[in-house]
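One structure is given below, encoded as C-alpha coordinates.
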Amino acid sequence: SAALAAAEQTRARVAWSGYPAWYWLATGAGLAATCYAALLPSWWDLAIAPLAAAALLIVARAASRARGVRERCQRGAMTLRERVILAGPAALVVLAGAAASKLASWPLAVPAVLAGMIYAGTGLILSARASHP
(Lines give C-alpha, C1' and ligand atoms only; values in the text may rest on other atoms or scores of the structure.)
Protein backbone atom coordinates (compact mmCIF):
# COMPACT_ATOMS: atom_id res chain seq x y z
CA SER A 1 0.00 0.00 0.00
CA ALA A 2 2.88 2.39 0.72
CA ALA A 3 4.47 1.54 -2.63
CA LEU A 4 1.17 2.22 -4.38
CA ALA A 5 0.86 5.61 -2.67
CA ALA A 6 4.45 6.47 -3.63
CA ALA A 7 3.76 5.48 -7.24
CA GLU A 8 0.64 7.67 -7.27
CA GLN A 9 2.60 10.66 -5.96
CA THR A 10 5.29 10.11 -8.58
CA ARG A 11 2.65 9.92 -11.32
CA ALA A 12 1.06 13.17 -10.17
CA ARG A 13 4.44 14.88 -9.97
CA VAL A 14 5.28 13.77 -13.52
CA ALA A 15 1.86 14.85 -14.77
CA TRP A 16 2.06 18.37 -13.43
CA SER A 17 5.58 19.46 -12.55
CA GLY A 18 7.16 18.91 -15.94
CA TYR A 19 5.21 21.65 -17.70
CA PRO A 20 7.11 24.92 -18.05
CA ALA A 21 5.34 28.13 -17.01
CA TRP A 22 5.32 29.43 -20.60
CA TYR A 23 3.19 26.43 -21.59
CA TRP A 24 0.37 27.39 -19.24
CA LEU A 25 0.52 31.07 -20.24
CA ALA A 26 0.60 30.32 -23.98
CA THR A 27 -2.18 27.75 -23.66
CA GLY A 28 -4.33 30.17 -21.67
CA ALA A 29 -3.81 32.88 -24.29
CA GLY A 30 -4.59 30.46 -27.12
CA LEU A 31 -7.69 29.24 -25.33
CA ALA A 32 -8.85 32.83 -24.90
CA ALA A 33 -8.27 33.58 -28.60
CA THR A 34 -10.09 30.43 -29.67
CA CYS A 35 -13.05 31.14 -27.39
CA TYR A 36 -13.27 34.75 -28.51
CA ALA A 37 -13.22 33.76 -32.17
CA ALA A 38 -15.88 31.11 -31.60
CA LEU A 39 -18.16 33.60 -29.85
CA LEU A 40 -17.96 36.23 -32.60
CA PRO A 41 -21.16 36.56 -34.65
CA SER A 42 -19.68 36.55 -38.16
CA TRP A 43 -18.83 33.36 -40.05
CA TRP A 44 -15.59 34.92 -41.27
CA ASP A 45 -14.56 35.57 -37.69
CA LEU A 46 -15.04 31.89 -36.95
CA ALA A 47 -12.13 31.12 -39.29
CA ILE A 48 -9.79 32.48 -36.60
CA ALA A 49 -10.65 29.60 -34.25
CA PRO A 50 -8.94 26.82 -36.26
CA LEU A 51 -5.82 28.97 -36.62
CA ALA A 52 -5.69 29.54 -32.86
CA ALA A 53 -6.30 25.83 -32.25
CA ALA A 54 -3.43 24.96 -34.59
CA ALA A 55 -1.20 27.33 -32.63
CA LEU A 56 -2.26 25.52 -29.45
CA LEU A 57 -1.18 22.20 -30.96
CA ILE A 58 2.23 23.67 -31.80
CA VAL A 59 2.60 24.97 -28.23
CA ALA A 60 1.61 21.57 -26.81
CA ARG A 61 4.17 19.81 -28.99
CA ALA A 62 6.88 22.26 -27.93
CA ALA A 63 6.00 21.65 -24.27
CA SER A 64 6.18 17.89 -24.80
CA ARG A 65 9.64 18.26 -26.29
CA ALA A 66 10.72 20.52 -23.42
CA ARG A 67 9.49 17.89 -20.94
CA GLY A 68 11.06 15.02 -22.88
CA VAL A 69 7.69 13.26 -23.11
CA ARG A 70 6.05 12.07 -26.32
CA GLU A 71 2.41 12.38 -25.26
CA ARG A 72 0.84 11.20 -28.49
CA CYS A 73 2.60 7.83 -28.25
CA GLN A 74 1.34 7.07 -24.78
CA ARG A 75 -1.58 7.98 -22.62
CA GLY A 76 -1.00 11.11 -20.57
CA ALA A 77 -0.28 10.84 -16.86
CA MET A 78 -3.19 13.11 -15.84
CA THR A 79 -6.29 11.38 -14.56
CA LEU A 80 -9.79 12.34 -15.65
CA ARG A 81 -10.33 14.06 -12.29
CA GLU A 82 -7.22 16.18 -12.79
CA ARG A 83 -8.29 17.14 -16.31
CA VAL A 84 -11.72 18.18 -15.03
CA ILE A 85 -10.11 20.29 -12.30
CA LEU A 86 -7.92 21.95 -14.92
CA ALA A 87 -10.44 22.57 -17.71
CA GLY A 88 -13.82 22.51 -15.92
CA PRO A 89 -13.87 26.04 -14.48
CA ALA A 90 -12.68 27.57 -17.77
CA ALA A 91 -15.36 25.68 -19.70
CA LEU A 92 -18.05 26.89 -17.29
CA VAL A 93 -16.90 30.49 -17.75
CA VAL A 94 -17.07 30.14 -21.54
CA LEU A 95 -20.57 28.64 -21.42
CA ALA A 96 -21.81 31.27 -18.95
CA GLY A 97 -20.26 34.04 -21.06
CA ALA A 98 -21.89 32.72 -24.21
CA ALA A 99 -25.28 32.64 -22.49
CA ALA A 100 -24.76 36.13 -21.04
CA SER A 101 -23.80 37.51 -24.46
CA LYS A 102 -27.13 36.29 -25.87
CA LEU A 103 -29.16 37.87 -23.08
CA ALA A 104 -27.35 41.19 -22.63
CA SER A 105 -24.82 43.39 -24.32
CA TRP A 106 -21.98 41.52 -22.61
CA PRO A 107 -18.57 42.05 -24.25
CA LEU A 108 -17.44 38.79 -25.81
CA ALA A 109 -13.82 39.32 -24.83
CA VAL A 110 -14.61 39.17 -21.10
CA PRO A 111 -15.50 35.45 -20.84
CA ALA A 112 -12.75 34.50 -23.28
CA VAL A 113 -10.06 36.35 -21.31
CA LEU A 114 -11.41 35.05 -17.99
CA ALA A 115 -11.38 31.46 -19.30
CA GLY A 116 -7.79 31.84 -20.48
CA MET A 117 -6.70 33.35 -17.18
CA ILE A 118 -8.47 30.67 -15.13
CA TYR A 119 -6.95 27.86 -17.21
CA ALA A 120 -3.43 29.30 -17.07
CA GLY A 121 -3.70 30.12 -13.37
CA THR A 122 -4.99 26.65 -12.48
CA GLY A 123 -2.21 25.01 -14.48
CA LEU A 124 0.46 27.18 -12.86
CA ILE A 125 -0.89 26.47 -9.36
CA LEU A 126 -1.14 22.72 -9.93
CA SER A 127 2.37 22.62 -11.43
CA ALA A 128 3.80 24.57 -8.51
CA ARG A 129 2.08 22.25 -6.01
CA ALA A 130 3.37 19.14 -7.75
CA SER A 131 6.96 20.34 -7.90
CA HIS A 132 7.06 20.99 -4.12
CA PRO A 133 6.00 17.75 -2.42
Side-chain angles (χ1 to χ4, degrees):
S1 133
L4 185 59
E8 180 66 22
Q9 286 179 341
T10 301
R11 185 207 54 78
R13 202 170 301 125
V14 167
W16 292 103
S17 65
Y19 288 101
W22 60 262
Y23 168 77
W24 297 113
L25 298 174
T27 304
L31 178 67
T34 304
C35 292
Y36 181 69
L39 291 173
L40 290 173
S42 171
W43 284 101
W44 289 106
D45 296 331
L46 191 59
I48 298 169
L51 296 175
L56 282 174
L57 291 174
I58 292 168
V59 167
R61 185 169 179 169
S64 293
R65 286 187 176 179
R67 294 175 61 213
V69 176
R70 292 178 58 195
E71 301 246 354
R72 68 180 161 177
C73 295
Q74 63 189 13
R75 196 181 70 121
M78 284 188 225
T79 64
L80 177 62
R81 179 179 179 265
E82 292 168 332
R83 289 178 183 168
V84 169
I85 290 170
L86 178 63
L92 289 175
V93 168
V94 169
L95 292 173
S101 71
K102 302 296 182 210
L103 301 174
S105 61
W106 182 260
L108 296 177
V110 172
V113 170
L114 282 175
M117 289 173 52
I118 289 171
Y119 185 88
T122 304
L124 286 169
I125 289 168
L126 293 173
S127 290
R129 263 193 211 160
S131 62
H132 299 298

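- With sequence neighbours excluded, the residues satisfying side chain to side chain contact (heavy atoms under 4.5 Å, CB included) with V113 are M117.
- Between C35 and A112, the shortest heavy-atom distance links the atoms CB-CB, 4.0 Å.
- Taken from OG1 in T27 to CG in L31, the straight-line distance is 8.5 Å, to the nearest 0.5 Å.
- For L124, the side chain to side chain contact (heavy atoms under 4.5 Å, CB included) partners are A21, W24, L25, not counting sequence neighbours.
- In this structure, G28 and A120 approach most closely via the heavy-atom pair CA-CB, 4.2 Å.
- Considering all non-hydrogen atoms of both residues, T122 and I85 come closest at CG2-O, 3.8 Å.
- Under the side chain to side chain contact (heavy atoms under 4.5 Å, CB included) criterion, A115 pairs with A90, V93, V94, sequence neighbours left out.
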